[in-house]
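This report concerns only the one structure given below.
Note that these values count all heavy atoms, side chains included, but never hydrogens, waters or copies made by symmetry. In what follows, every chain begins at residue 1, and chains take the letters A, B, ... in the order their sequences are listed.
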Amino acid sequence: MSEELSGNEYRQQRIENMNKLEEAGFPAFGKAFERTDRLDKLHADFEVDRVVKACGRIVAIRKMGKMAFAHISDGSFKFQVMVKKDLIGDDNFAAFKLLDLGDFIGVEGEMFMTRTEEETLRVSSWALLSKSLLPLPEKFHGLTDKETRYRQRSLDLISNPEVMEVFKQRTQVMKEIRNFLDGRGYFEVETPMLHQIAGGAAAKPFMAHYNALNTDVFMRIAPELYLKRLIVGGMDRVYEMNRNFRNEGLDRTHNPEFTALEIYEAYGDMRSMQELIQSMFTHLAETIFGKIEFEWMGNTINLTAPWREVPYQDLIREHLGADWFEKSLDEAKAKAEELEVHVEEGMDFKQVTHEIYDKTIEGTLIQPTFITRLPAELVPLANACADDPELVDVFELIIGGKEIAPAYSELNNPIEQRKRFEEQAAGDGSKIDEEFLEALEYGMPPTGGMGIGIDRLIMLLTGSDAIRDVILFPQLKPRG
RNA sequence: GGUCCGGUAGCUCAGUCGGUAGAGCAUUUGACUUUUAAUCAAAGGGUCCUGGGUUCGAGCCCCAGCCGGAUCACCA
């Protein structure tokens, strides 16, 4: 890298400029600067003749014979400054003309309005705060190459203000989620990222080695089992919003590390979660974005509550015919073939049905929809519906044709839980989380639980089509 | 993993039939005291993703690979 850089003509020129500036009494690095305020605040409090100190990165500069204009930006706002030779003197003006795009400067001066009615700072003195040695992307088209944008997010943030805006909104949303949940008496906790057993979901984990104990550990795939142990312990409303790690594919809606919000509420069930998520999403939409309709992946999504709720089997009948569940396995397979849905040899009727749902129905549910009363086989960790042991008391929230959040009336029967773990572990006892099961045996109250993919929620709210646009440093292949 | 598209100057892109590598911005030099994609004049700047092959000659055609994007499949 260093050889590559040293051969760069632009860098050489900037180093020469830096040396000239240092000779002129403008050291290139290492000085702090006390500003009156951030640029957005100076703009908000604009007042002609007010004397202020401001600083930022030069993002545009127009040098003329005896004066110069520049725009500086500090991430909050872009403000114009004007330098005149007769105001700051020949030497200071000559030095100013050695500045390059990307340099950080601090200026002092009075505010005024130009002929073209732009708020501007008339500079009486200036200081170099930090030299930029590499050229920034072009000012007009900016940086559009996706690979460079993801690999060099610094440059992306500098040249694409809308990217900065998305990440500011991301942080606002996460703060407001905490605010909302705290206000309802939920307690935020942090549970381990390093797990002895990767439980709480069915996904491939990342592995690491812990030297001191000479044992392998897993990066967590979900915090679920620890959060339930806290419910057992008497924390009756808990949530955790943090990273999960899954050792799987990488695409437009998947990053190997992603942010999940998991919420558990003792004495509640899937109904309390349903109320919670509707209130939370509409609250976020209104307080942060001031709207209830969002454009996402080519659809207009209206978050106005209450959202549609439909039992899984009704939804199937709606799409596949009222007599669907009277059909034979062969008839179901024939229908799958007709719909170009691939089914495996050994699949039973429920699996074929779900395959058809997955491929042809889920994607059509654009407006927020709760799918309830799923077949028990599909959801191993939930309580059965009171009126039908074949179905479980859960919902899947679908928005824009994508799964956004599942919620369960959590299974709290330790004997049943052990049975399901044993089936899942298929004879490998080391995969069973005995500490969790023991906790359950002391008794877990009836509990509602929910998981929300925060990155996908941010995608929806900011109109982003790719998860990489809402994660600052997404995973990419190493540069060959 | 399959298919399709892309990778050319710091950035954004063009490149005809296979025949000396192009533009705008940026950079350098000069002019310029209200500009704002400043303007005007001139100049410099290239591992055409990498490696092979075909050819008198390859940015362009062929083969293999790397990276990215889209899409499908797989996986939850």
Side-chain angles (χ1 to χ4, degrees), chain A residues 3-5 7-17 58-72 78-88 93 97-102 112-123 132-152 155-156 158-160 198 200-205 221-222 244 246-254 256 258 260 297 340-342 344 354-355 358-359 362-363 378-381 396 402-403 406 424 451 453 465-466 468-469 474-480:
Chain A
E3 273 183 31
E4 208 173 289
L5 286 178
N8 185 315
E9 169 204 4
Y10 292 89
R11 187 166 179 271
Q12 288 304 329
Q13 280 159 355
R14 281 165 179 251
I15 286 176
E16 279 168 34
N17 287 342
I58 298 175
V59 293
I61 190 163
R62 295 172 291 281
K63 302 168 186 172
M64 284 171 279
K66 291 172 182 147
M67 67 183 303
F69 290 89
H71 276 101
I72 60 174
K78 204 168 76 174
F79 206 90
Q80 180 167 261
V81 302
M82 180 187 75
V83 177
K84 293 173 88 168
K85 192 174 184 175
D86 58 7
L87 280 180
I88 62 167
F93 185 74
K97 289 185 88 169
L98 290 169
L99 290 171
D100 290 304
L101 275 176
F112 77 106
M113 198 69 89
T114 62
R115 267 181 214 161
T116 48
E117 304 245 312
E118 177 164 353
E119 295 170 3
T120 302
L121 198 65
R122 187 187 293 114
V123 172
S132 164
L133 296 184
L134 290 173
L136 294 173
E138 191 230 354
K139 62 189 169 189
F140 188 54
H141 298 91
L143 183 67
T144 63
D145 180 72
K146 286 199 175 182
E147 185 172 356
T148 312
R149 287 187 41 221
Y150 296 143
R151 286 189 196 279
Q152 303 193 54
L155 288 181
D156 190 24
I158 291 168
S159 57
N160 296 317
K204 296 190 194 90
I221 55 175
N244 289 343
R246 296 188 179 175
N247 204 342
E248 283 165 7
L250 190 59
D251 63 27
R252 206 157 51 122
T253 54
H254 294 84
F258 62 98
M297 300 212 179
E340 294 179 352
V341 172
H342 176 73
E344 299 288 340
H354 193 66
E355 197 60 26
D358 226 29
K359 295 290 183 292
E362 186 177 283
L378 298 175
V379 188
L381 299 183
E396 290 274 356
K402 307 227 174 306
E403 283 178 39
Q424 213 178 352
D465 288 353
R468 286 177 169 176
D469 292 327
Q475 193 64 226
L476 297 169
K477 278 197 192 184
R479 208 67 172 108

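Considering only the side chain of A:Met82, B:rU34 comes nearest among B:rA70, B:rA73, B:rU34. Considering only side-chain atoms of A:Phe140, the nucleotide from B:rU28, B:rA37, B:rG68 that sits closest is B:rA37. Side chain of A:Gln80, nearest nucleotide from B:rU34, B:rU35, B:rG68: B:rU35. Among the nucleotides B:rA70, B:rC74, B:rU35, the one closest to any side-chain atom of A:Arg252 is B:rA70. Distance from the side chain of A:Asn17 is smallest to B:rU28 among B:rA26, B:rU35, B:rU28.
Taking atom C1' in both B:rU47 and B:rA43, the straight-line distance is 24 Å, to the nearest Å. One P atom belongs to B:rA73, the other to B:rU3, and the distance between them is 16 Å to the nearest Å. Spacing between B:rU55 and B:rC60 at atom P, rounded to whole Å, works out to 16 Å. Distance noted for atom P between B:rC61 and B:rG18: 8 Å (whole Å).
A distance of 8.0 Å separates OG1 in A:Thr148 from CG in A:Leu155, rounded to the nearest 0.5 Å.
The partner of B:rG59 cannot be assigned: no Watson-Crick or G-U wobble pair with both contacts below 3.5 Å exists in any strand. Figure legend. B:rG1 is base-paired to B:rC72; pairs are counted as Watson-Crick or G-U wobble with both atom distances under 3.5 Å. Figure legend. B:rG44 is base-paired to no nucleotide; pairs are counted as Watson-Crick or G-U wobble with both atom distances under 3.5 Å. Nucleotide B:rG6 forms a pair with B:rC67, judged by Watson-Crick or G-U wobble geometry with both contacts under 3.5 Å. For B:rA14, there is no paired base (Watson-Crick or G-U wobble, both distances below 3.5 Å).
Taking each heavy atom of A:Arg246 and A:Ala201 in turn, the nearest pair found is NH2-CB, 3.5 Å.
One finds no side-chain N or O of A:Arg151 lying less than 4.0 angstrom from the OP1 or OP2 phosphate oxygen of B:rC67. Put simply, A:Lys146 has no side-chain N or O that comes within less than 4.0 Å of OP1 or OP2 on B:rG68.
Under the side-chain hydrogen bond (donor to acceptor under 3.5 Å, both in side chains) criterion, A:Arg252 pairs with no residue at all, not counting sequence neighbours. Residues passing the side-chain hydrogen bond (donor to acceptor under 3.5 Å, both in side chains) test with A:Asn160 are A:Asp156, sequence neighbours excluded. Listed by chain and residue number, A:Glu138 satisfy the side-chain hydrogen bond (donor to acceptor under 3.5 Å, both in side chains) test with A:His141 (two or more places apart in sequence, or in another chain). The salt bridge (Lys or Arg N to Asp or Glu O under 4.0 Å) check on A:Glu16 picks up nothing, with sequence neighbours excluded. Every residue was checked against the ring-ring contact (aromatic ring centres under 6.0 Å, His included) condition with A:His71, not counting sequence neighbours, and none meets it. Here A:Ser159 pairs with nothing under the side-chain hydrogen bond (donor to acceptor under 3.5 Å, both in side chains) rule; sequence neighbours left out. Scanning for salt bridge (Lys or Arg N to Asp or Glu O under 4.0 Å) contacts around A:Asp100 gives A:Lys131, with sequence neighbours left out.
Between the side chain of A:Lys66 and the backbone N or O of A:Lys85, no donor-acceptor pair lies under 3.5 Å. Judged by distance alone, with hydrogens and angles left aside, the side-chain atoms of A:Glu248 form a donor-acceptor pair with the main-chain N or O of A:Lys204 at under 3.5 Å.
Within the 4.0 angstrom heavy-atom criterion, no nucleotide atom of any strand lies near A:Lys78. Among the heavy atoms of the strands lying under 4.0 Å from A:Phe112 is at least one base atom, whether or not backbone atoms are also near. Using a 4.0 Å heavy-atom cutoff across all strands shown, A:Lys204 reaches sugar-phosphate atoms only and no base atom. Here A:Lys97 lies in heavy-atom contact (under 4.0 Å) with a base. Heavy atoms of A:Ala203 sit under 4.0 angstrom from primed sugar atoms or phosphate atoms, though from no base atom. Among the heavy atoms of the strands lying under 4.0 Å from A:Glu403 is at least one base atom, whether or not backbone atoms are also near.
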Check: protein-nucleotides 11-13 of chain B nitrogen or oxygen pairs below 3.5 Å:
from   : atom 1 : to       : atom 2 : distance (Å)
B:rC11 : O2'    : A:Glu138 : N      : 3.4
B:rC11 : O2'    : A:Gly142 : O      : 2.8
B:rU12 : OP1    : A:Thr144 : N      : 3.2
B:rU12 : OP1    : A:Asp145 : N      : 3.0
B:rU12 : O3'    : A:Thr144 : OG1    : 3.3

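Distance CG (A:Leu250) to C1' (B:rC74): 15 Å, rounded to an integer number of Å. Atom CE in A:Met67 sits roughly 14 Å away from atom C1' in B:rU39 (whole-Å rounding). A:Arg149 places its CZ atom 17 Å from the C1' atom of B:rC67, with the value rounded to the nearest Å.
Judged by distance alone with a 3.5 Å cut-off, no donor-acceptor contact links the side chain of A:Arg115 to the base of B:rU34. Side-chain atoms of A:Thr120 stay outside donor-acceptor range of the base of B:rU34, with no qualifying N/O pair under 3.5 Å.
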Legend entry - Protein-to-nucleotide contact annotation, 5' to 3' order, nucleotides 42-51 of chain B [B base; S sugar-phosphate only; - none; under 4.0 Å, heavy atom]: --BS------
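Looking at which nucleotide of RNA chain B each of A:Lys66 and A:Pro135 is closest to, the 5′-most match is held by A:Pro135.
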